[in-house]
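Below is one structure; the comments refer to it alone.
Residue numbers start from 1 in every chain, and the chains themselves are labelled A, B, ... in the order their sequence lines are given, proteins ahead of strands. Only heavy atoms go into these numbers, but all of them, side chains included; no hydrogens, no water, no symmetry mates.
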Protein chains: 2
Amino acid sequence: MNPLPITSWAVLGLLSFGRELSGYDLKKWADQSLGFFYWSPSYSQIYSELRRLESVGYAASEEVAGDIRAKRLYRITPVGEDALRAWARETPVEPVVLKHGPMLRLWLGHLQDPERLREMLLAQRELAEKRRVEAETDVAAAESTPEWAFPTLTLRWAARYYAAERDRIDAMLADLADLACDLGDADADRPPFSR
Amino acid sequence: MNPLPITSWAVLGLLSFGRELSGYDLKKWADQSLGFFYWSPSYSQIYSELRRLESVGYAASEEVAGDIRAKRLYRITPVGEDALRAWARETPVEPVVLKHGPMLRLWLGHLQDPERLREMLLAQRELAEKRRVEAETDVAAAESTPEWAFPTLTLRWAARYYAAERDRIDAMLADLADLACDLGDADADRPPFSR
DNA sequence: CGTTGCATGTAAGGTGTTACATGATTAC
DNA sequence: GTAATCATGTAACACCTTACATGCAACG
């Protein structure tokens with residue numbers, strides 16, 4: 001049997017805080033926790049990961065007649081706890097992956113209208129600020145509960161991350177403005193493809 | 001025909017700076033440019049993207065007897081330039097994707113030995129600092145050449161990014177130390193799974 | 001009474017990885 | 001002479017997403 005993908009462990013991790021949750025709720029919660037520093041898997045993947053976790057005995061589920069409609073609630077099993085702990089302790093840490101779409105566009109700035117680049121950065125700035133506020137409010141909600149100590153740490157990290165992202169965009173906007181001046185000066189030797 | 005994946009455009013972007021390059025060289029260069037803010041595709045993917053780009057007429061190649069050994073050098077075609085420019089201008093910007101392995105581990109800190117977490121963060125700190133220095137030296141090498149104006153901007157951004165990453169880890173180490181004190185105080189109500 | 005949200009999936013398909021293969025050359 | 005690097009690939013396969021399907025309940 002191949003080792004489980006990281007996503008599996010992440011989903012099992014969501015269950016390791018001692019609550020029983022449906023796939024739907026798991027996704028919602030993943031968006032607000034995992035989503036800040038790891039990515040949040042799609043619904044369909046959450047459901048299939050849950051089935052996989054159940055098939056290897058790391059999770060168990062039961063059909064529950066909810067307030068309105070039947071749900072399938074998943075919980076972590078003792079075997080699953082052991083496996084997750086072993087994974088967290090013994091597996092080499094995954095390298096950080098960053099795919100920064102806006103920077104890719106900037107890197108190819110010689111193909112673009114400088115004004116469009118500026119607009120793109122401003123939009124990105126707004127997004128980062130929104131995420132920052134989200135993380136900040138989530139910190140405030142979580143920091144009083146001792147069980148959430150570690151999630152609170154990562155939320156605090158996320159708030160700093162998105163604040164820094166916002167500031168870097170400001171710095172980039174300034175650099176871009178400088179660059180526009182320089183290019184304005186030396187009209188003769190434009191970079192390639194700038195027509 | 002489906003739209004090309006972003007990786008294709010990234011590889012075509014590497015070719016858009018007016019040089020003829022082999023797949024091998026492209027990968028090396030990708031590690032030092034794209035790798036800082038986007039991820040660097042594997043060799044095998046670079047080769048297959050190059051074949052795809054050639055098949056749609058965006059790139060052309062020729063076998064060249066290099067200094068030592070035969071190489072296949074790729075260059076962008078005029079059609080490819082137009083397509084790349086159109087992509088850069090008209091396609092919605094890809095959202096930022098972050099998959100921060102170390103934060104995932106920290107989020108599950110209740111399963112871990114705090115000392116191990118500290119070690120992990122220190123290792124991560126060193127890595128960020130190394131990347132920062134790399135980006136910084138690459139900035140110094142590129143900033144004098146006007147064609148590299150935009151790549152220089154992104155390298156400068158990367159240098160700031162990795163500096164901020166390093167500082168965030170320091171802040172996290174401090175938070176973690178505070179947390180250890182709090183937990184030491186309240187021995188009675190340990191978080192779940194901390195045995 | 002139509003649309004939105006809840007809740008759970010299935011199917012198809014592309015993306016991107018690892019592992020492997022090859023052969024020639026440089027370095028120790 | 002044998003290890004590592006250059007240089008180019010192929011094959012298999014896992015991962016993950018989008019699109020689609022369903023059926024009920026609440027909201028206006």
Item to check | Which nucleotide in D/dC15, C/dT8, C/dT17 has an atom nearest any side-chain atom of A/Tyr47 | outcome: C/dT8
Next on the checklist: Check B/Asp82 with B/Arg85, please: is the shortest side-chain N to carboxylate O separation under 4.0 Å?
Outcome noted: yes
Checklist entry - Roughly, in whole Å, what's the span from NZ in B/Lys27 to C1' in C/dG16? => result 12 Å
Checklist entry - Can you check whether B/Phe36 and B/Trp157 have ring centres sitting under 6.0 Å from each other? => result no
Item to check | Selection from D/dT8, C/dT18, C/dA7 that lies nearest to any side-chain heavy atom of A/Asp25 | outcome: C/dA7
Next on the checklist: Would A/Arg105 and B/Trp9 count as a cation-pi pair here, with the cationic atom under 6.0 angstrom from the ring centre and within 45° of the axis?
Outcome noted: no
Next on the checklist: Side-chain N or O of A/Arg51 versus OP1/OP2 of C/dT10: is the shortest distance under 4.0 Å?
Outcome noted: yes
Item to check | Atom-to-atom span, CG of A/Leu50 to P of C/dT8 - whole angstrom | outcome: 9 Å
Next on the checklist: Measure NZ/A/Lys71 against P/C/dG9 and give the value in whole Å, please.
Outcome noted: 13 Å
Next on the checklist: Just the rounded figure in Å: distance from P of C/dT17 to OH of B/Tyr43.
Outcome noted: 13 Å
Item to check | No-H, no-angle donor-acceptor pair, B/Ser22 side chain to D/dT8 base, under 3.5 Å | outcome: no
Item to check | Of the listed nucleotides D/dC6, D/dC16, C/dG9, the one nearest the side chain of B/Lys99 | outcome: D/dC16
Next on the checklist: If you assign each of A/Tyr24 and B/Gln45 to its closest nucleotide in DNA chain C, which residue comes earlier from the 5' end?
Outcome noted: A/Tyr24
Next on the checklist: Just N and O in the side chain of A/Arg52: are any of them under 4.0 Å from OP1 or OP2 of D/dC16?
Outcome noted: no
Item to check | B/Glu126, CD atom: more than 12 neighbouring heavy atoms under 6.0 Å | outcome: no
Checklist entry - When we call it a touch if two heavy atoms are under 4.0 Å apart, what does A/Ser44 touch: a base, just sugar-phosphate, or nothing? => result base
Item to check | Nucleotide D/dT17, atom C1' - distance to CH2 of A/Trp39 in whole Å | outcome: 11 Å
Item to check | Nearest-nucleotide pick for A/Pro5, side chain only, options being D/dC16, C/dT18, D/dA7 | outcome: D/dC16
Item to check | B/Arg51/B/Glu54 ion pair, N-O < 4.0 Å | outcome: no
Checklist outcome for this item: Regarding the side chain of B/Glu49, the nearest nucleotide among C/dG16, D/dG9, D/dC6 is C/dG16
Checklist outcome for this item: In whole angstroms, the gap separating C1' of D/dC15 from CH2 of A/Trp9 amounts to 17 Å
Checklist outcome for this item: In whole angstroms, the gap separating P of D/dG9 from CD1 of B/Ile46 amounts to 13 Å
Checklist entry - Roughly, in whole Å, what's the span from CD in B/Glu62 to P in D/dA7? => result 16 Å
